Q: 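Below is one structure. I have some questions about it.
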Amino acid sequence: MDSLGGLLLRISVLLYGSFGVLALLPGITEPEFIRRCVQAHNTQRSRITPPAVSARSMSWDNELAKGARDRARNCKASHHPGLAHFGHPPFGWLGENIWLGAPFSAFSVENAIHRWNKEGVYSLKNNNNCSRSCGHYAQLMWSTSFKMGCAVNVCSKGIENYSTHPESTIFVCNYGDTGQVRGVTPYIAGVACSGCGSEICRDNVCRYDWFPGWDYGPPSSAPSTSYWLTNLGLCLLGVCWHFYVTH
């Protein structure tokens, strides 16, 4: 090993020894953390089975990420009691998913989101119910959610109602619009992207260009209204899938 490589190794060991996993925690403004969160969500949404008529691509929202960070720092194994009523423009209601684990090495963005996706096996598409909890899956696949923000935190004193491990880790993602509407299907099943309208279909989801902190998509959640009206009409015709959203 050359002298520079040895020096870098000693510095990294010193940092880890002094600050532990805190030195490894990604911040909510780190481009790589943002990229991985957005990509993992969109990858799962693009693979949804059966395909979604109008599932929208996810993009990053700084304010949602700040809210997720605040909740993660609370170190509680429960959802924010008033999150659905927060008036973060342009959303009237917000959704939330939480991953818990220990030690910190057990966490990765991709593994956490994959675990939420695995709840899909408990969704009973023909009777508007779940055989077990599938609320995280429903939020992950909620068709009209198009903004998200995530944060991860290590709770050295443990996580309330979960673990006393000194590397108890909590990963929180907040969403707009919310995907926590009981008895309503998270998406309409059909030909992928057939309901995208003017938006571009890419990887089986309706996409628009985005940059962190700036939204090139619809300025409000108004599309939700037409979505639910369309959804209601299709359900009356008996051609939609149903899920029971719960945590």
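What's counted below: heavy atoms across the whole structure, side chains too, no hydrogens, waters or symmetry copies. Because the structure is predicted, anything quoted here is derived from the model rather than measured.
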Q: For Ser108, which residues count as a side chain to side chain donor-acceptor pair (under 3.5 Å) partner, sequence neighbours excluded?
A: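 Checked Ser108 against side chain to side chain donor-acceptor pair (under 3.5 Å); matches are Asn111.
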
Q: Quick one: closest heavy-atom pair of Ala65 and Ala151, and the distance?
A: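 In this case the closest contact between Ala65 and Ala151 is O-CB, 4.2 Å.
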
Q: Between Trp116 and Gln139, is there a donor-acceptor pair closer than 3.5 Å when you use the side chain of the first and the backbone of the second?
A: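 No: the side chain of Trp116 does not pair with the backbone of Gln139.
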
Q: Ignoring hydrogens and geometry, is there a side-chain-to-backbone donor-acceptor pair from Trp142 to Thr178 under 3.5 Å?
A: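 Checking the backbone N and O of Thr178 against the side chain of Trp142, a donor-acceptor pair under 3.5 Å is found.
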
Q: Show the numbers, then the answer: is there a side chain to side chain contact (heavy atoms under 4.5 Å, CB included) between Leu140 and Gln44?
A: CA-CA 8 Å; Leu140 177 63; Gln44 297 295 348; 4.1 Å; yes

Q: More than 12 heavy atoms of other residues, nucleotides or ligands under 6.0 Å from NE2 of His165: is that the case?
A: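 Yes, NE2 of His165 has more than 12 neighbouring heavy atoms, counting only those of other groups under 6.0 Å.
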
Q: Do any N or O atoms from the side chain of Glu30 and from the backbone of Gly27 form a donor-acceptor pair under 3.5 angstrom?
A: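 Indeed, once roles are kept as given, a pair shorter than 3.5 Å links the two residues.
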
Q: What pairs with Asp203 under side chain to side chain donor-acceptor pair (under 3.5 Å), at least two apart in sequence or on another chain?
A: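 Counting only residues at least two positions away or on another chain, Asp203 forms no side chain to side chain donor-acceptor pair (under 3.5 Å).
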
Q: Any pair with a residue in residues 100-111 that passes salt bridge (Lys or Arg N to Asp or Glu O under 4.0 Å), sequence neighbours left out, goes on the list, sorted by first then second residue, please.
A: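 For residues 100-111, and leaving out neighbouring residues, the salt bridge (Lys or Arg N to Asp or Glu O under 4.0 Å) pairs sorted by first residue read Arg36-Glu110.
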
Q: List in chain and number order the residues that pass salt bridge (Lys or Arg N to Asp or Glu O under 4.0 Å) with Lys66, two or more places apart in sequence or in another chain; answer none if no residue qualifies.
A: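 For Lys66 the salt bridge (Lys or Arg N to Asp or Glu O under 4.0 Å) partners, ignoring immediate neighbours, are Glu63.
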
Q: My understanding is that only residues two or more places apart in sequence, or in another chain, count here; which of them pass disulfide (SG to SG under 2.5 Å) with Cys155?
A: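 Once residues adjacent in sequence are excluded, the partners of Cys155 under the disulfide (SG to SG under 2.5 Å) criterion are Cys75.
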
Q: Mind checking side chain to side chain contact (heavy atoms under 4.5 Å, CB included) for Gln39 and listing every partner two or more places apart, or none if nothing turns up?
A: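 Partners of Gln39 under the side chain to side chain contact (heavy atoms under 4.5 Å, CB included) test: Arg35, Thr43.
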
Q: In a single word, yes or no, tell whether Cys193 and Cys201 have an SG-SG distance below 2.5 angstrom.
A: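 Answer is yes: Cys201 pairs with Cys193 in a disulfide.
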
Q: Partners of Asn204 by side chain to side chain donor-acceptor pair (under 3.5 Å), sequence neighbours excluded?
A: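 Checked Asn204 against side chain to side chain donor-acceptor pair (under 3.5 Å); zero matches.
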
Q: With sequence neighbours excluded, what pairs up with Thr164 under the side chain to side chain contact (heavy atoms under 4.5 Å, CB included) test?
A: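 Applying side chain to side chain contact (heavy atoms under 4.5 Å, CB included) to Thr164 gives none.
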
Q: Return yes if some donor-acceptor pair links the side-chain N/O of Glu167 with the main-chain N/O of Phe104 below 3.5 Å, else return no.
A: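 It does hold such a pair.
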
Q: Kindly say whether Ala72 contributes a backbone atom to a donor-acceptor pair with the side chain of Asn153 at under 3.5 angstrom?
A: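 Yes: the side chain of Asn153 pairs with the backbone of Ala72.
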
Q: Taking only residues two or more places apart in sequence or in another chain, which ones pass side chain to side chain contact (heavy atoms under 4.5 Å, CB included) with Ala55?
A: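 Arg45, Ala52, Ser143, Val205.
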
Q: By side chain to side chain donor-acceptor pair (under 3.5 Å), which residues pair with Ser78, not counting sequence neighbours?
A: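 Partners of Ser78 by the side chain to side chain donor-acceptor pair (under 3.5 Å) criterion, ordered by chain and then number, come out as Arg71.
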
Q: Under 2.5 Å between the SG atoms of Cys206 and Cys196: is that the case?
A: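 Between Cys196 and Cys206 there is a disulfide, given that their SG atoms are under 2.5 Å apart.
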
Q: Determine the sole option in Asn97, Asn42, Asp61, Val38 for which the side chain to side chain contact (heavy atoms under 4.5 Å, CB included) test with Met148 is passed.
A: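 The single option meeting the side chain to side chain contact (heavy atoms under 4.5 Å, CB included) with Met148 is Val38.
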
Q: Name the residue from Lys147, His41, Glu96 that meets the side-chain hydrogen bond (donor to acceptor under 3.5 Å, both in side chains) definition with Tyr175.
A: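 The single option meeting the side-chain hydrogen bond (donor to acceptor under 3.5 Å, both in side chains) with Tyr175 is His41.
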
Q: Tell me, please, which residues at least two apart from Tyr162 pass side chain to side chain contact (heavy atoms under 4.5 Å, CB included).
A: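 Tyr162 satisfies side chain to side chain contact (heavy atoms under 4.5 Å, CB included) with Ala77, Leu100, Ile159 once adjacent residues are dropped.
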
